[in-house]
Amino acid sequence: QVRLVESGGGLVQAGGSLRLSCAASGLTFISYAMGWFRQAPGKQREFVAAISWSGGTTYYADSVKGRFTISGDNAKNTVYLQMNSLKPEDTAVYYCNRGATIDLRTPFDSWGQGTQVTVSS
């Protein structure tokens, strides 16, 4: 069974940076892409960013474009999210998942526990 473990969240002031990690284990097949979602209190989970397994393609939500950078390490089955210039509206629980398309429209795996990111103003 695939297990996704997110880490790296925390409390940071607006304008600060955090780096999230997501390690996948128990993989029985390699998906096309892997990436990040987030869910703020009282809101639906939304797509943030994804990267193709080859690393050649990345895709970002407009709200994070230019501030967040996604990268991956195939050998470690790990994807990272470097978040810079954080804003209070980035506050959410961040989750990772895999999918067959770069927008991760249909996530493959069960959701992990996520990692909390809190940005204070």
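Residue numbers run from 1 in the order of the sequence given.
- Minimum heavy-atom separation, P88 to A14: CD-CB, 4.1 Å.
- D90 pairs by the side-chain contact (heavy atoms from CB on, under 4.5 Å) definition with R38, R67, F68, L86, K87, Y94, V119, not counting sequence neighbours.
- Placement of V79 and L20 within a single hydrophobic cluster is found when ILVMFWY residues are connected by side-chain heavy-atom separations under 4.5 Å, directly or transitively.
- Taken from CD1 in I102 to OH in Y32, the straight-line distance is 5.0 Å, to the nearest 0.5 Å.
- Using a 4.5 Å heavy-atom cutoff, the side chains of Q116 and T91 are in contact.
- Here OG1 of T78 is found 6.0 Å from CG of D73. Values are rounded to the nearest 0.5 Å.
- For the disulfide bond (SG atoms under 2.5 Å apart) condition, the pairs that include at least one residue of residues 2-58, sequence neighbours left out, are C22-C96.
- Under the side-chain contact (heavy atoms from CB on, under 4.5 Å) criterion, S25 pairs with R3, not counting sequence neighbours.
- Remark: L27 CG to N77 CG distance equals 4.5 Å, nearest 0.5 Å.
- With hydrophobic clusters built from ILVMFWY side chains whose heavy atoms lie under 4.5 angstrom apart, V12 shares a cluster with L81.
- A side-chain contact (heavy atoms from CB on, under 4.5 Å) with Q113 is found for one member of V5, V93, L4 and no other, namely V5.
- In this structure, Y60 OH and F47 CZ are separated by 9.5 Å, a value rounded to the nearest 0.5 Å.
- Interatomic distance, I70 CD1 to Q82 CD, rounded to the nearest 0.5 Å: 12.0 Å.
- If you chain together hydrophobic residues whose side chains sit under 4.5 Å apart, V2 and W111 never meet in one group.
- Annotation: K65, atom NZ; neighbour count of heavy atoms from other residues, nucleotides and ligands within 6.0 Å is above 12.
- Counting all heavy atoms, side chain and backbone alike, A92 lies closest to A40 at CB-N, 3.8 Å.
- Taking each heavy atom of S71 and I51 in turn, the nearest pair found is CA-CD1, 3.8 Å.
- Note on M34: it does not cluster hydrophobically with F37, by side-chain heavy-atom contacts below 4.5 Å among ILVMFWY residues.
- In this structure, the side chains of P107 and Y95 stay at 4.5 Å or more apart for every pair of heavy atoms.
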Go through T69 and Y80 one step at a time and tell me if the side-chain contact (heavy atoms from CB on, under 4.5 Å) criterion holds. CA-CA 8 Å; T69 302; Y80 306 97; over 6 Å; no
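- Contact between M83 and V117 at its shortest, heavy atoms only, is CE-CG2, 3.8 Å.
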